[in-house]
Protein chains: 2
Amino acid sequence: MGKDDKKRIFGGIDIGGTKILAVVAEEGGKILGSAKKKTKREQGFKGVCARAAESLREAAEAAKVPMEALCAAGMGVPTPVLADGTTAIAPNMPGWKNAPFTKTMAELLGIPCYGVNDCNAAALGEYVYGAGKGSKTLVGLFVGTGLGGGMVFHDHVIEGENHVAAELGHIIVREGGRKCGCGHNGCLEAYASKTGMGRKIAWDIHHQGRKSVLTQCCPDGNYATIKSSDLLNAWKQGDEVTVEALKELSYFLGIGVANFITILGPDSVVLGGGVMEALGKDLLPLVKEAARKYTWPESSYKDSKISLSLLGDNAPTLGTVAFARQRLDNEIA
Amino acid sequence: MGKDDKKRIFGGIDIGGTKILAVVAEEGGKILGSAKKKTKREQGFKGVCARAAESLREAAEAAKVPMEALCAAGMGVPTPVLADGTTAIAPNMPGWKNAPFTKTMAELLGIPCYGVNDCNAAALGEYVYGAGKGSKTLVGLFVGTGLGGGMVFHDHVIEGENHVAAELGHIIVREGGRKCGCGHNGCLEAYASKTGMGRKIAWDIHHQGRKSVLTQCCPDGNYATIKSSDLLNAWKQGDEVTVEALKELSYFLGIGVANFITILGPDSVVLGGGVMEALGKDLLPLVKEAARKYTWPESSYKDSKISLSLLGDNAPTLGTVAFARQRLDNEIA
């Protein structure tokens with residue numbers, strides 16, 4: 001960064017399964033304008049790309065910045081992005097498997113475009129602008145429907161040599177344990193996500209016959225889709241099924257945190273995602289308790305600052321801004 | 001490397017709990033001379049350092065190279081080495097906790113000295129000169145009494161920001177599972193090491209009353225100290241207790257491999273240590289089977305070459321050579 005004294009401007013787009021969020025921001029992280037759209041994923045790859053491009057144009061308009069002023073755009077998606085800019089797997093996005101993502105967006109926007117996995121972007125966002133600012137090694141864990149993660153090591157996003165790694169929710173933490181959506185048993189995500197927790201809640205209510213205020217929120221019985229705000233309400237009311245489920249989620253999230261500290265010795269661990277946005281202040285002490293218990297060596301626990309996301313919804317968008325800047329500068333250098 | 005055309009020469013010392021191994025080698029990895037000594041750890045920190053220095057002098061003599069010709073020496077120890085060159089914890093080495101390791105060795109040898117954890121060194125050795133040569137991201141797992149590990153990411157040894165991470169044997173893979181020597185339950189090392197396997201064997205023989213040829217090899221009943229050659233003999237004879245124990249070890253080692261692929265997406269995974277030296281050819285297919293089963297996404301498995309150590313006993317010594325070269329060049333640059 002800092003090739004000259006002028007503050008450069010970048011675009012950042014986060015394409016999610018339900019919504020697209022776009023920002024235009026200075027390279028220092030100041031957001032000048034933003035825009036939001038429904039993803040409408042049923043429109044397929046080209047339709048969604050067009051909506052993403054339109055979102056960035058709207059963000060530029062809101063920022064009163066012409067599109068030509070953008071040095072580049074970063075784009076996060078809920079799938080790995082390969083070295084050639086194509087997407088890998090995309091279970092929840094029809095038409096997005098092996099799609100020419102970067103190329104298509106560059107054609108639509110007319111500026112250099114760089115695609116990256118959304119959770120990797122979110123981790124980079126927290127590293128450069130957020131809760132991990134000033135750290136050297138960062139692990140980000142984002143608790144929502146699933147459990148996404150990202151790692152930054154000395155400015156490098158660790159995506160794996162095949163660009164499909166950093167699947168932090170799919171490490172095995174309880175061999176032989178609960179079935180995960182991925183088909184394996186005992187993944188971290190099978191416990192530390194809404195989907196994982198939803199299985200426990202459904203079991204408690206449907207098989208154990210326990211009462212819970214959550215039954216009103218999820219009349220279809222699919223607790224993986226429960227809103228974080230409903231969880232927060234049930235937690236505040238002391239609903240036993242909810243309290244137990246969130247304690248279990250926090251305990252396993254703490255085991256995950258411990259594993260990543262034991263492996264990577266990050267100076268910063270950042271916890272985000274919908275569940276942590278809503279309940280982070282209450283759950284963080286529980287997560288830390290388990291992390292302290294399971295980190296090895298024990299002394300290593302205190303060297304890692306474990307904190308909640310500072311950027312919230314803008315972790316992925318600002319992360320893509322940082323990513324685009326990094327890639328552009330690498331190409332120029 | 002390659003500051004000039006002359007091949008530079010380095011020293012490498014591996015200080016283990018029972019023996020010290022020293023080499024004098026060209027920076028390209030060619031060993032010119034080596035020497036071996038008992039550690040005699042009862043002599044404490046200064047005594048062992050003196051023996052390590054003496055070992056390197058003997059290696060230089062064997063190589064017919066004057067000590068002044070060595071650019072620097074790398075030194076591996078079974079404890080983390082902090083940024084200031086002091087050792088961290090050292091459970092099995094009396095007097096080695098918080099000891100001024102690098103400073104003491106530099107005074108004894110009169111050349112620049114760089115200390116590093118032995119398993120981190122071994123991983124770097126395989127990365128630069130061994131089974132992982134040409135790879136970009138490498139994970140090394142070394143199965144002996146314990147389970148040691150090391151990671152290299154684009155030439156950087158990942159030691160953690162506090163220099164005590166990369167404790168790959170102490171990730172939790174079976175929450176609530178077998179007690180590990182570290183005090184936690186369910187660590188990878190509690191299954192994928194001689195110590196972990198030894199607990200299963202002891203249980204099978206002492207509590208289940210099963211017969212095994214291993215009882216002759218370990219009359220004291222401590223199967224954690226069993227020789228790898230005895231394990232190999234029992235395995236070849238089809239001794240049921242041994243076969244089951246080694247299958248379990250391989251299965252969990254495979255889960256560990258899967259976790260590290262899922263996290264880091266290394267293009268190379270190298271398996272070494274006494275157990276793999278002796279039984280690697282037979283166990284590798286079992287390790288791979290479990291690794292394939294548990295890696296996410298599944299396609300990622302085939303992008304990681306999983307292979308046995310090429311350097312064997314010299315992985316740590318040559319690793320310290322590479323480490324010393326790297327550190328020296330960073331100081332010069």
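Just so we're on the same page: letters track the sequence lines, and every chain starts at 1. Remember, it's a predicted structure, so these values are computed and weren't measured experimentally.
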Working for side chain to side chain contact (heavy atoms under 4.5 Å, CB included), residues F153(A) and H154(B): CA-CA 11 Å; F153(A) 174 74; H154(B) 296 207; over 6 Å; no

Nearest heavy atoms of P297(B) and V164(A), plus distance in Å: CD-O, 3.5 Å

Chain B contact residues among residues 132-151 of chain A, heavy-atom distance under 4.5 Å: K136(A), T137(A), M151(A)

Residues, nucleotides or ligands: over 12 heavy atoms within 6.0 Å of K200(A) NZ: yes

H163(A) portion near chain B, given a 4.5 angstrom heavy-atom threshold: neither

Geometric class of the W296(B)/H170(A) ring pair [parallel <30°, tilted 30-60°, perpendicular >60°]: tilted

Heavy-atom proximity to chain A below 4.5 Å, by part of S304(B): neither

Straight-line distance of I172(A) CD1 to L188(B) CG, nearest 0.5 Å: 12.0 Å

Side chain / backbone / both / neither for I89(A) at chain B, heavy atoms under 4.5 Å: side chain

Members of residues 248-265 of chain A whose heavy atoms come closer than 4.5 Å to chain B: Y251(A), F252(A), I255(A), N259(A), F260(A), I261(A), T262(A), I263(A), L264(A), G265(A)

